[in-house]
Amino acid sequence: MSVRSGEYMSLANLRTHYTSQINPEELGDQKVTVAGWVHEVRDLGGICFVVLRDREGRAQVTLVKKKTDPQLLENARKLVRESVVSISGTVKPEGKAPNGYELIPEEITVLNEADSPLPMDTTGKVEAELDTRLDSRFIDLRRERTTAIFRIRHEVLRAVRSFLTDNGFIETSSPKVVATATEGGTSLFPITYFDREAFLNQSPQLFKQILMSGGLDRVFEIGPIFRAEEHDTRRHLNEATSIDIEASFCDHFDVMEVLENMVAHIYEQVIGNASDSLAVLGVELKVPKLPFLKLTYDEAIEIVNANSDEMLNWGDDLGTVAEHTIGEHVFKETGESHYFIIDWPTEIKPFYAMPYEDNQVLSKAFDMMHRTMELSSGAQRVHIPELLISRIESQGLDPEGFEFYLKAFRYGMPPHAGWGIGCERLVMTMLGVENIRDVVLFPRDRRRLSP
RNA sequence: GUCCGAAUGGUGUAGAGGCCUAUCAUGGAGCCCUGUCGAGGCUCCGACCCGGGUUCGAAUCCCGGUUCGGGCGCCA
């Protein structure tokens, strides 16, 4: 175990292969170097096994007492779990070893020794609570299950980008530091911007609409949104990732079609590209059937009133019990989890949702649900400046605060529509994860600000 | 915000007024062991959230606080 301090050591020499890249048939008797963490040391006396773990898997390093340099064996036995090591040795095909090979080491270099005891177990023998795991996320990520979630999240985002790009959308970014409260409704985090008050943006909504006036035609953004709501549930975060699109010369039905096709595409891509991670989590994914069921708001109210103790009046928003009732009802009837609720009362939707021309009390707004959870909401937008101003006023907001936005509507704003979908909610519903914090590396909630 | 529940070694737990010098597992230290793969065996180490109260006696009951979990509200 020589740390060759003072001597030049190229980092490239610390690893020639990931553990998963070692094919015993090709690399038998060849020398390789693997690098990673000491997962376990099993000392049986005459034989000692060191399990090295890297991002792609594990490799068994075998030291037979009679055949191993005594100093090397002694050092291997003393390895501290979760220390970072680089191990060079010969690949030996071996039926008794996991993955069909083991490594006969020549050199074991400790690059960084781990403290002991560890903040939590990494082998899966003892579970840790979410709070404990989040306090030590770096250790939690060394567990297979946790890594699997974030590999899948990566596949989800990759699928979003490829799907939207292939459908003519341009990826854009909007500012997160803004001067005014965008939509009313939710509370914002105030910050200091030099000598002025500013806010963290709750949504890219207003900016992506401005881009429609700019003629970008079809845009998308994947970015953080901030909500200062003091909600305290398993499905809310104060910092979340929103996937947003906006498309010109489209109505709400056009963008609903984009949405359902994208969701189906994401499921297909995750099944195709992350089957190992799905297996680690024990999740069997099924691509949702297209098109998604479209319930009108009126139908949704009827379902709630017929199937639960709740009695809703027309114009009421849907609470948790209502969403639960509708979601279970839809699943029982269709066997599908995803569905739309369309044709909402104009009054309970944001000012930018377009009312139906022939029935102003209904708007061209929709929510996309997964069982009991709202995943996405969208609408055809108001593109007529006069109507937009009156809608802003009727929501009790002051149009003066929206001048930067309204300006874009006066010089040629095409009709347009769009939606936003919560990335974390998409991932959690896909994987059946119960707490949204499980699918965020470093969640920000009512209480947690660190790490 | 509100209601309900919880807090015991590093981690996960048992515990219902005296049986607690606190259970078990995991972990750590050490010893034995040549095929482990949640290795096994033996020895040892390590904990009752904080503050008050009730009681002869409190991990256990009561009050306050803190933190965490869950429901609802609000929201996406």
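The sequence lines fix the lettering, A, B, ..., with proteins before strands; numbering per chain opens at 1.
With respect to A:Asp54 and A:Arg142, no salt bridge is recorded, no charged nitrogen being found less than 4.0 Å from a carboxylate O. In this structure, A:Asp445 pairs ionically with A:Arg437, as a charged nitrogen and a carboxylate oxygen lie closer than 4.0 Å.
Proximity of A:Arg133 to the phosphate of B:U11: no side-chain N or O atom is located under 4.0 Å from OP1 or OP2. Close to B:A76, at under 4.0 Å from its OP1 or OP2, lies no side-chain N or O of A:Ser203.
Between A:Gly422 and A:Glu127, it is A:Glu127 whose nearest contact on RNA chain B lies nearer the 5' terminus. Each of A:Arg446 and A:Asn238 was assigned the nucleotide of RNA chain B with the nearest heavy atom; the assignment lying further toward the 5' end belongs to A:Arg446.
Applying the ring-ring contact (aromatic ring centres under 6.0 Å, His included) test to A:Tyr297 and every residue at least two apart in sequence or in another chain returns A:Trp314, A:Trp344. Residues meeting the ring-ring contact (aromatic ring centres under 6.0 Å, His included) test with A:His265, sequence neighbours left out: A:Phe163. Applying the side chain to side chain donor-acceptor pair (under 3.5 Å) rule to A:Asp251 yields no partners; only residues at least two apart in sequence or on another chain are considered. Every residue meeting the salt bridge (charged side-chain N to carboxylate O under 4.0 Å, His left out) condition with A:Arg53, not counting sequence neighbours, appears here in chain and number order: A:Glu82. For A:Arg448, the side chain to side chain donor-acceptor pair (under 3.5 Å) partners at least two apart in sequence or on another chain are A:Asp131, A:Asp135. Partners of A:Thr90 according to the side chain to side chain donor-acceptor pair (under 3.5 Å) rule, which considers only residues two or more places apart in sequence or in another chain, are A:Glu106. Every residue two or more places apart in sequence or in another chain that forms a ring-ring contact (aromatic ring centres under 6.0 Å, His included) with A:His370 is listed here: A:His338. For A:Asn167, the side chain to side chain donor-acceptor pair (under 3.5 Å) test picks out no residue, with sequence neighbours left out.
We find that CG of A:Asn99 is positioned 16 Å from P of B:U36, with the value rounded to whole Å.
Using a 4.5 Å heavy-atom threshold, the side chains of A:Ile210 and A:Tyr405 count as touching. The shortest distance between side-chain heavy atoms of A:Arg161 and A:Glu171 falls below 4.5 Å.
Relative to the six-membered ring of A:Phe331, A:Arg371 meets both conditions, a distance below 6.0 Å and an angle of at most 45° to the axis. With A:Phe442 as the aromatic partner, A:Arg444 does not meet the cation-pi criteria of under 6.0 angstrom to the ring centre and within 45 degrees of the ring axis.
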Between the protein and nucleotides 31-35 of chain B, which nitrogen or oxygen pairs come in under 3.5 angstrom?
from, atom 1, to, atom 2, distance (Å)
B:C33, N1, A:Leu44, O, 3.4
B:C33, O2, A:Leu44, O, 3.3
B:C33, N3, A:Asp43, O, 3.4
B:C33, N3, A:Leu44, O, 3.3
B:C33, N3, A:Gly45, N, 3.4
B:C33, N4, A:Asp43, O, 3.4
B:U34, OP2, A:Gly46, N, 2.9
B:U34, O4, A:Lys66, NZ, 3.2
B:G35, N1, A:Glu102, OE1, 3.3
B:G35, N1, A:Glu102, OE2, 3.2
B:G35, N2, A:Gln60, NE2, 3.4
B:G35, N2, A:Glu102, OE1, 2.6

For nucleotides 68-70 of chain B, which of its nitrogen or oxygen atoms have a protein nitrogen or oxygen under 3.5 Å away, and what is each distance?
from, atom 1, to, atom 2, distance (Å)
B:C68, OP2, A:Arg447, NE, 3.0
B:G70, OP1, A:Asn435, ND2, 3.2

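Near RNA chain B, meaning a heavy atom under 4.0 Å from it, residues 309-331 of chain A has A:Gly319, A:Thr320 in order of number.
If you take atom C1' in B:G51 and the same atom in B:U11, they sit 28 Å apart, rounded to whole Å. B:U60 and B:C48 have their P atoms separated by 13 Å, with the value rounded to a whole Å. Atom name P, nucleotides B:A6 and B:C49: the rounded distance is 13 Å, in whole Å. B:A16 and B:U34: their P atoms are spaced 45 Å apart (whole Å).
Within 4.0 Å (heavy atoms only), A:Arg235 reaches at least one base atom of the nucleic acid. Contact annotation for A:Ser116: backbone-only contact, meaning every heavy-atom pair under 4.0 Å involves sugar-phosphate atoms and none involves a base.
Consecutive Watson-Crick or G-U pairs involving RNA chain B, each under 3.5 Å on both distances, make up stems of three or more pairs at B:1-7 with B:66-72, B:10-12 with B:24-26, B:27-32 with B:40-45, B:49-53 with B:61-65.
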